[in-house]
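What follows is a single structure, written as structure tokens, with notes after it.
Keep in mind that this is a model prediction, so the values were computed, not measured. Naming: A, B, ... by sequence-line order, numbering from 1 per chain.
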Amino acid sequence: MQPVGWSLVKAETHFPYVPGYLAFREVPALKEAWSRLTTKPDVLVVDGHGVAHPRRLGIATHFGVETGQPSMGCAKKLLTGKYNEPGLLVGDHSPIMAGAEQIGYAFRSKSKTAPVFVSPGHLLGMENSLQIIRQCIGKYRIPEPTRLAHELVNRFRRGELPEGMTYGTFTL
DNA sequence: GCGACAG
DNA sequence: ATCTTGTCGC
């Protein structure tokens with residue numbers, strides 16, 4: 001739970017936002033930022049779905065396949081599939097089903113708060129995605145990796161970051 | 001034909 | 001996602 005590096009990029013979009021095709025809009029910029037990231041993480045948690053996608057190819061899976069990077073998805077809303085409401089306590093979870101196939105988990109990242117939806121992306125499985133997101137729980141609904149990344153990119157967009165601070169590494 | 005629909 | 005006004009529980 002300790003940040004070790006970051007990479008921020010400003011890029012033009014060349015594809016509209018269409019549910020089910022998010023990767024075609026955001027992966028280009030994501031890869032650009034990824035290329036400038038000196039210290040790659042063991043697992044990338046993407047803001048979106050992994051295999052919990054109509055064709056099992058959400059942005060986390062798409063990016064993972066194109067880069068060979070282990071990844072998983074953690075989305076704020078369901079895209080496809082059905083699930084029963086998990087328990088109300090942090091850590092409670094229930095499977096997201098597409099017919100008889102499990103494609104992810106509805107996970108309670110904060111007690112009495114709407115769950116987040118996690119699923120494997122690339123090079124890791126269903127249980128792995130659950131174990132990993134469990135270790136990313138902080139004080140808020142959004143798991144720390146995604147929450148901290150959003151906080152940083154928002155400061156970047158508002159021009160609140162010092163010049164030459166678009167990427168770097170923290171020393172631990 | 002109708003509803004659902006990541007960011 | 002963005003914008004905007006008000007409300008709710010801890």
Side-chain angles (χ1 to χ4, degrees), chain A residues 6-34 37 43-67 69-99 101-122 124 126 128-130 132-133 136-160:
Chain A
W6 73 93
S7 175
L8 298 160
V9 135
K10 176 180 179 180
E12 303 289 321
T13 54
H14 299 289
F15 202 86
Y17 165 66
V18 182
Y21 297 85
L22 180 63
F24 292 105
R25 177 184 178 77
E26 306 193 348
V27 163
L30 180 53
K31 286 171 109 176
E32 187 53 46
W34 185 256
L37 190 61
V43 175
L44 174 66
V45 177
V46 179
D47 188 357
H49 291 95
V51 301
H53 174 277
R55 296 173 295 286
R56 312 292 178 266
L57 262 167
I59 187 170
T61 308
H62 188 129
F63 179 83
V65 169
E66 287 198 343
T67 61
Q69 168 65 28
S71 65
M72 62 173 281
C74 178
K76 299 177 288 298
K77 299 175 183 175
L78 191 68
L79 170 63
T80 190
K82 300 289 184 181
Y83 71 97
N84 292 315
E85 203 61 37
L88 298 177
L89 301 184
V90 61
D92 288 340
H93 53 88
S94 57
I96 298 174
M97 306 298 289
E101 173 190 17
Q102 182 181 355
I103 56 178
Y105 281 108
F107 180 78
R108 199 74 72 183
S109 47
K110 179 180 180 181
S111 296
K112 306 168 191 175
T113 299
V116 292
F117 305 91
V118 303
S119 60
H122 188 53
L124 67 82
M126 199 60 70
N128 275 202
S129 64
L130 186 59
I132 292 168
I133 209 62
C136 297
I137 298 310
K139 195 174 180 181
Y140 308 85
R141 178 199 176 217
I142 306 303
E144 291 301 278
T146 302
R147 196 182 70 77
L148 294 177
H150 254 92
E151 182 182 278
L152 185 60
V153 81
N154 280 336
R155 280 193 274 166
F156 174 55
R157 291 195 298 173
R158 297 188 298 245
E160 298 173 4

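Distance, Leu22(A) CG to dA6(B) P: 9 Å, rounded to whole Å. Straight-line distance from the CZ atom of Phe15(A) to the P atom of dA6(B): 15 Å, rounded to whole Å. In this structure, OH of Tyr21(A) is placed 15 Å from C1' of dA4(B), rounded to the nearest angstrom. Summarising the geometry, the separation between CG on Asp47(A) and P on dA6(B) is reported as 12 Å, rounded to the nearest angstrom. In this structure, CZ of Arg157(A) is placed 11 Å from C1' of dG7(B), rounded to the nearest angstrom. Rounded to whole Å, the distance from CZ on Phe117(A) to C1' on dA6(B) is 11 Å. Here dG7(B) presents its P atom at 13 Å from CZ of Arg25(A), a figure rounded to the nearest Å. The distance from atom CZ of Arg55(A) to atom P of dC5(B) is 16 Å, rounded to the nearest whole Å.
In terms of phosphate contacts, Lys77(A) brings no side-chain nitrogen or oxygen within less than 4.0 Å of OP1 or OP2 of dC5(B).
In this structure a side-chain-to-backbone donor-acceptor pair under 3.5 Å is missing from Arg56(A) to Ile103(A). Thr80(A) places no side-chain N or O within donor-acceptor distance of the main-chain N or O of His53(A), the cut-off being under 3.5 Å. Distance alone, capped at 3.5 Å, is enough to place a donor-acceptor pair between the Ser94(A) side chain and the Asn84(A) backbone. Formation of a donor-acceptor pair under 3.5 Å by the Ser109(A) side chain with backbone atoms of Ile142(A) is not found in this model. One N or O on the side chain of Thr113(A) and one on the backbone of Ser111(A) form a donor-acceptor pair closer than 3.5 Å.
Contacts between chain A and DNA chain C, taken as any atom within less than 4.0 angstrom of a protein heavy atom, begin and end at dA1(C) to dT2(C).
The 12-atom threshold is not exceeded at CZ of Phe24(A), counting heavy atoms of other residues, nucleotides or ligands nearer than 6.0 Å.
Put simply, CG on Leu130(A) and OG on Ser119(A) are 11.5 Å apart, with the number rounded to the nearest 0.5 Å.
Residue order along DNA chain C, read from the 5' end via each residue's closest nucleotide, puts Lys76(A) first among Lys76(A) and Lys112(A).
Gly20(A) comes within 4.0 angstrom of a base, heavy atoms only. Ile59(A) comes within 4.0 angstrom of a base, heavy atoms only.
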